[in-house]
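Beneath this line is the structure, given in structure tokens, with notes to follow.
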Protein chains: 2
Amino acid sequence: MARKPTSKETTRKPNMREAILAAAEELFATNGFNAVSVRDIAHAAGANPGSVTYHFKTKDGLLLEIYRRHCGPMNLRRSELLAAAKRVRDLQDRLEAIVRAYVVPAFTSGSDLAGGGARFTRLRAVMSAEGNEVARKIIAQTFDDTSHAFIDAIHESLPHIPRTDIVWRSHFLLGALYYSLVTPDRVSRLSRGEADGSDAASAIEQLVQATVAAFQAPALDQAAPARRRTVASSKT
Amino acid sequence: MARKPTSKETTRKPNMREAILAAAEELFATNGFNAVSVRDIAHAAGANPGSVTYHFKTKDGLLLEIYRRHCGPMNLRRSELLAAAKRVRDLQDRLEAIVRAYVVPAFTSGSDLAGGGARFTRLRAVMSAEGNEVARKIIAQTFDDTSHAFIDAIHESLPHIPRTDIVWRSHFLLGALYYSLVTPDRVSRLSRGEADGSDAASAIEQLVQATVAAFQAPALDQAAPARRRTVASSKT
DNA sequence: ATCTGATTTGTACTATCGTACAAAAGATCA
DNA sequence: TGATCTTTTGTACGATAGTACAAATCAGAT
């Protein structure tokens, strides 16, 4: 007996749709949107180009679905971790916990989705660099709330720093995060093999440590009004 | 009379070759390599598609020439500023000067090239995200020397920090730098208009301030051996 | 003025792009 | 089993890609 739910999630192959999504995610994340053709994706997924059209209608639709698939879980996980972090009493520890709550879900998946969140985060980095319109819209309306929540939380644990500075520094955090996922090999190369840029645990710890210190830097607005207009370096 | 030098730099139009280079640089930097067609570039430069082929042979050749045009001056300027920075006696001031020497040429052109170095830096950010092969090769063999020089200089002014940490943190610096140039509007948006992400001077000051603090953060290797394997946030 | 070499134009070729769509194949249930 | 719906396949079409190349145009020396 054992009725299937109704008639859903029973396709011929072990879900071609998911295979296409996964292949597209990987290819987009490493080569950008425009460099990857629908045929490339279909081939990588072992599917027919027509199947992509059938499931996602257009190439943009495919990208859109990738975002829809990840944004929810990742933001949810971030919210959970943020809520927990805000309960930390010690201000220094709390700041670190907040930063960690922001960073960790970007590296390790916040949900069951295979491959971890790193791939999706790398995808976002690449789309952002390419100025992809589809991605830009989704990002702005999906992540800005979360970003504001984090900025506010950080601001609360660093009340003496102007919000403007917090915004800049969290922007730097995201940039560093993105770049670490985009070119991890550069870290390995520049450290002459002493560090592994692909190691998520190292990246997270290094990023958290550095970022916490950056947030704790003295406020800028009041410290440096308008000095150094030219670049003439320092002294003499 | 007034003889022209010999017969160089006197083309029909006020230098079509330069116009093509400038247009390509701008388009590549904002849309990525693959999203921009040779015809787009020619149109933006007021040239004929065939002219692009004539001057640069291929689309890759065009990108290559853009890099050749900028890498030299920018590295030269960085070297000069770095040399000056290393002469600063006070360690704290020296660190800041070094970071500034790294950051400033990326925003403001180190040479006569129009538009400032920001455009070229944004281009590098985008190419890096797209995993462009032409760019990857050039970058590795052109910028790694400079990067090592900066890492060494920073290491000297922070002897107690392991080189590995310095590498990671300078990697974060570059990521933050890139991202600031790629999506400056995000800063404006998140700060609700209080900050202008497109303002180079602000970006530089914020970046320098934050990065100096990040470099000065306590060493990671010795501080955190292997704690926090899972993500379960801090405390309970 | 004419010749010469450098540059620009116009056009064409082949490859590949995103997408549409009809036919085939598989799944579901009466 | 046969009817019906979902999914996959195969193919094709128009658009656009990068690039090649001959003809036209120009600048400077003779």
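Since the structure is predicted, the reported quantities are computational estimates derived from the model, not experimental observations. Each chain gets a letter, A, B and so on, in the order its sequence line appears, and its residues count up from 1.
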Completion exercise
Output for pair (A:Asp165 CG, A:Phe215 CZ), nearest 0.5 Å, gives 10.5 Å

Completion exercise
So CZ of B:Phe143 and NE2 of B:His148: to nearest 0.5 Å the spacing works out to 14.5 Å

Practice task
Kindly say if B:Tyr54 contacts the phosphate of C:dT8, meaning a side-chain N or O under 4.0 Å from OP1 or OP2.
Solution key: no

Practice task
Please determine if A:Glu130 and A:Arg136 form a salt bridge, counting it only when a charged side-chain N lies under 4.0 Å from a carboxylate O.
Solution key: no

Handout entry: Upstream residue (5' side of DNA chain C) when B:Pro49 and B:Arg17 are each assigned their closest nucleotide
Key = B:Arg17

Practice task
State plainly whether the residues B:Glu205 and B:Arg100 are in salt-bridge range, i.e. N to O under 4.0 Å.
Solution key: yes

Practice task
Carefully, step by step, assess A:Asp152 and A:Arg163 under the rule salt bridge (Lys or Arg N to Asp or Glu O under 4.0 Å).
Solution key: CA-CA 8 Å; A:Asp152 290 344; A:Arg163 218 189 116 94; 2.4 Å; yes

Handout entry: Side-chain N,O (A:Asn48) to OP1/OP2 (D:dG10) below 4.0 Å
Key = yes

Problem - Whole-Å gap separating C1' (C:dT7) and CD (B:Glu18) - result: 15 Å

Handout entry: Between P of D:dC26 and CG of B:Asn15, the distance in whole Å
Key = 18 Å

Cut-off 3.5 Å, no hydrogens considered: what does the side-chain donor-acceptor table look like for residues 30-39 of chain A, sequence neighbours left out?
{"unit_1": "A:Thr30", "atom_1": "OG1", "unit_2": "A:Glu26", "atom_2": "O", "d": "2.9"}
{"unit_1": "A:Thr30", "atom_1": "OG1", "unit_2": "A:Leu27", "atom_2": "O", "d": "3.3"}
{"unit_1": "A:Ser37", "atom_1": "OG", "unit_2": "A:Arg39", "atom_2": "N", "d": "3.4"}
{"unit_1": "A:Ser37", "atom_1": "OG", "unit_2": "A:Asp40", "atom_2": "N", "d": "3.0"}
{"unit_1": "A:Ser37", "atom_1": "OG", "unit_2": "A:Asp40", "atom_2": "OD1", "d": "3.4"}
{"unit_1": "A:Ser37", "atom_1": "OG", "unit_2": "A:Asp40", "atom_2": "OD2", "d": "3.2"}

Handout entry: Lys NZ or Arg CZ of B:Arg124 over B:Tyr178 ring: under 6.0 Å, within 45°
Key = no

Practice task
Write down the distance between NZ (A:Lys57) and P (D:dT7), rounded to a whole number of angstrom.
Solution key: 14 Å

Protein N or O to nucleotides 13-18 of chain C N or O, pairs below 3.5 Å:
{"unit_1": "C:dC17", "atom_1": "OP1", "unit_2": "A:Ser37", "atom_2": "OG", "d": "3.4"}
{"unit_1": "C:dG18", "atom_1": "OP1", "unit_2": "A:Lys59", "atom_2": "NZ", "d": "2.8"}
{"unit_1": "C:dG18", "atom_1": "OP2", "unit_2": "A:Val38", "atom_2": "N", "d": "2.8"}
{"unit_1": "C:dG18", "atom_1": "N7", "unit_2": "A:Arg39", "atom_2": "NH1", "d": "2.8"}
{"unit_1": "C:dG18", "atom_1": "O6", "unit_2": "A:Arg39", "atom_2": "NH2", "d": "2.9"}

Practice task
May I ask you to evaluate whether A:His55 reaches the phosphate of D:dT8, defined as a side-chain N or O under 4.0 Å from OP1 or OP2?
Solution key: yes

Exercise for the section: May I ask you to test the B:Tyr67-B:Ile139 pair for a side-chain heavy-atom distance under 4.5 Å? Expected result: yes

Problem - Between C:dG10 (P) and B:His43 (NE2): distance, integer Å - result: 14 Å

Exercise for the section: Run the salt-bridge test on A:Glu18 and A:Arg69 with the 4.0 Å N-O cut-off and return the result as yes or no. Expected result: yes

Exercise for the section: Rounding to 10 degrees, work out the angle separating the end axes of the helix from C:dA1-D:dT30 to C:dA30-D:dT1 (five pairs an end). Expected result: 10°

Exercise for the section: Nearest whole angstrom, please: distance from the C1' of D:dT16 to the CD1 of B:Ile41. Expected result: 15 Å

